[in-house]
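Encoded as structure tokens, the structure appears first; notes follow it.
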Amino acid sequence: MAMALIDRFSAKLPRYFTIFIVFLPLLVHSKLFRNGRHVCIEERRVSVPREHTETYYRPVYKRQVEVCEGFKLCSTLRVVYKLAMRKVYRTEVQTKLINSCCPGWLQFDKNSRDCLKPVCRTDCNNRGTCTGPDTCRCNTGWAGPTCETDLDECSQEMHMCQQTCLNTLGSYECGCYEGFQVAKDKTSCEICLTCNEEYRDLQADVKNLTEKVIILEKEKEEMYESINVIQRDYKKTIALINDIKKRPTPSPTTVKTTLSSNGYYSAYDLRERVESLSEQIGILEEKLSTTCSCQYN
């Protein structure tokens, strides 16, 4: 059985071989023999030296003896042409099928079978990427054949801003109306009290009033302290006057009262001092009442 199959195949082998020879040019021109992606088959006319054999007449020098003058024998040379063969090389123009990168593509490596490096005759601007023959892929915010045009996201409604939009080179920035500020997400807006001029003025007024209140409190404390000092002096003076009244009355020019260990005062001076102290107490009480009424109001 096996021998029968071998004999049958051997009988059909010439026919299969003939079919292969017929379709071989089609297979060469087809994509089956390409060596990778973006590889094209190119026909080139190439001059190839080809060896040929040709015939030519080769000169041969042959010695010949002749009778010279005086009946002498002389030898002379005669040229004889004989047919000979020689090898020569002639150039023939042949058409060859060569695999090369298709237009717009190059090899990353000389040993690579694929042509995967695109060629852009004009460089892609603004960090664009060449993705195909004369084709640029632009980054966000840029457009045009070579990514040279700034894309206005604000006018084309391509932004995410909640209130206002400001176009910049290759991008955009979000803004907000008066009284608002940009939130952390850089697109939405939130209320901003410190951005309002009226609120800032109100804060300044509150600060000034607080400083005035602190100053008035200090003045109040100083007044209370002054009143306490005057009251002590007033009590001492009254006690001294009462003590003087209990003593016998001497002449006005000699009456002297010991106020302290450092000096003496006359009765007239003591009277004036008491009246001055009374006036100061009245003035301080007036100021104190005015201050307190302002504070409570």
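- A donor-acceptor distance shorter than 3.5 angstrom exists from the side chain of E148 to the backbone of T146, with no hydrogens or angles considered.
- By the 4.5 Å heavy-atom criterion applied to side chains, H38 and Q107 are not counted as neighbours.
- Note that the CD1 atom of I230 and the CD atom of E225 stand 11.0 Å from one another [nearest 0.5 Å].
- The two residues Q163 and Y177 come nearest to each other via the heavy atoms OE1-N, 2.6 Å.
- In this structure, C130 and C124 have their SG atoms no less than 2.5 Å from one another.
- Placement of L209 and I215 in two distinct hydrophobic clusters is found when ILVMFWY residues are connected by side-chain heavy-atom separations under 4.5 Å, directly or transitively.
- The 12-atom threshold is exceeded at CZ of R200, counting heavy atoms of other residues, nucleotides or ligands nearer than 6.0 Å.
- Checking side-chain atoms of N139 against main-chain N and O of R127 turns up a donor-acceptor pair under 3.5 Å.
- Of all heavy-atom pairs between N126 and C147, the closest is ND2-O, 2.7 Å.
- As summarised for C40 and C101, their two SG atoms remain at a distance no smaller than 2.5 angstrom, missing the threshold.
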### V88 and R90: CA distance, side-chain angles, deciding distance, side chain to side chain contact (heavy atoms under 4.5 Å, CB included) verdict
CA-CA 7 Å; V88 295; R90 297 173 184 169; 4.1 Å; yes

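- Atoms OG1 and CD, on T140 and E153 in that order, are 8.5 Å from each other to the nearest 0.5 Å.
- For the pair F180 and C192, the minimum side-chain heavy-atom distance is 4.5 Å or more.
- Between the CG atom of N125 and the SG atom of C136 there is a distance of 7.5 Å, given to the nearest 0.5 Å.
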### Task
Go through the steps to decide whether E54 and R86 satisfy the test salt bridge (charged side-chain N to carboxylate O under 4.0 Å, His left out), and finish with yes or no.
CA-CA 6 Å; E54 66 178 5; R86 64 182 177 184; 2.8 Å; yes

### Query
Should L73 and V67 be marked as a side chain to side chain contact (heavy atoms under 4.5 Å, CB included) after you check the CA-CA gap, both sets of side-chain angles, and the distance that decides it?
CA-CA 5 Å; L73 295 177; V67 179; 4.0 Å; yes

### Task
Would you sort out whether T91 and V48 count as a side chain to side chain contact (heavy atoms under 4.5 Å, CB included), showing the intermediate values?
CA-CA 5 Å; T91 57; V48 179; over 6 Å; no

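- Judged by distance alone, with hydrogens and angles left aside, the side-chain atoms of S112 form no donor-acceptor pair with the main-chain N or O of F108 at under 3.5 Å.
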### Query
Where do N228 and Q231 land on the side chain to side chain contact (heavy atoms under 4.5 Å, CB included) test, with the steps shown first?
CA-CA 5 Å; N228 292 333; Q231 284 180 347; 4.1 Å; yes

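- In plain terms, the two heavy atoms of P118 and P133 that are nearest each other are CB-N, 4.3 Å.
- Counting non-hydrogen atoms of other residues, nucleotides and ligands closer than 6.0 Å to CD1 of I98 gives a total above 12.
- From N111, atom CG reaches atom CZ of R113 across 12.5 Å, with rounding to the nearest 0.5 Å.
- In this structure, Q94 and K96 have side chains that are in contact, with non-hydrogen atoms separated by less than 4.5 Å.
- Closest approach of E190 and V182 over heavy atoms only: OE2-O, 4.5 Å.
- Side-chain atoms of E217 and E222, non-hydrogen and from C-beta on, never get closer than 4.5 Å to each other.
- Under a cut-off of 6.0 angstrom, the local environment of CD in E51 is crowded, with over 12 non-hydrogen atoms contributed by other residues, nucleotides or ligands.
- Using a distance-only test at 3.5 Å, with no hydrogens or angles considered, a donor-acceptor pair links the side chain of T210 to the main chain of V206.
- V213 and L202 sit in two unconnected hydrophobic clusters of ILVMFWY residues. Membership requires side-chain heavy atoms under 4.5 Å apart, directly or through other members.
- Using a 4.5 Å cut-off on side-chain heavy atoms (C-beta onward), C176 and Q181 make no contact.
- Side-chain atoms of L151 and W142, non-hydrogen and from C-beta on, never get closer than 4.5 Å to each other.
- The pair R37-D114 fails the salt-bridge criterion, with no side-chain N (NZ, NE, NH1 or NH2) lying under 4.0 Å from an Asp/Glu carboxylate O.
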### Message
Please evaluate residues C154 and C165 with respect to the criterion disulfide (SG to SG under 2.5 Å), reporting the C-alpha separation (whole Å), side-chain torsions for both, the decisive distance (0.1 Å), and the verdict.
### Response
CA-CA 6 Å; C154 297; C165 176; 1.9 Å; yes

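- Here the closest non-hydrogen pair linking G141 and D150 is O-OD1, 3.3 Å.
- Separating the OG1 atom in T135 from the CZ atom in R137 is a distance of 11.5 Å, to the nearest 0.5 Å.
- No donor-acceptor distance shorter than 3.5 angstrom exists from the side chain of E173 to the backbone of L166, with no hydrogens or angles considered.
- Looking at R44 and E42, a side-chain N of the basic residue comes within less than 4.0 Å of a carboxylate O on the acidic one, giving a salt bridge.
- Looking at heavy atoms from C-beta onward, Y172 lies in side-chain contact with M160 at the 4.5 angstrom threshold.
- Between S75 and R63, the shortest heavy-atom distance links the atoms OG-NH1, 3.3 Å.
- By the neighbour-count criterion of 12 heavy atoms within 6.0 Å, atom CD of E211 is densely surrounded, having more than that number from other residues, nucleotides or ligands.
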### Query
So S155 and D152, side-chain hydrogen bond (donor to acceptor under 3.5 Å, both in side chains) or not? Walk me through it.
CA-CA 6 Å; S155 61; D152 191 350; 3.1 Å; yes

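- Between L83 and Y57, the closest side-chain pair of non-hydrogen atoms falls below 4.5 Å.
- Looking at Q64, its side chain never comes within 3.5 Å of a backbone N or O of L77 through a donor-acceptor pair.
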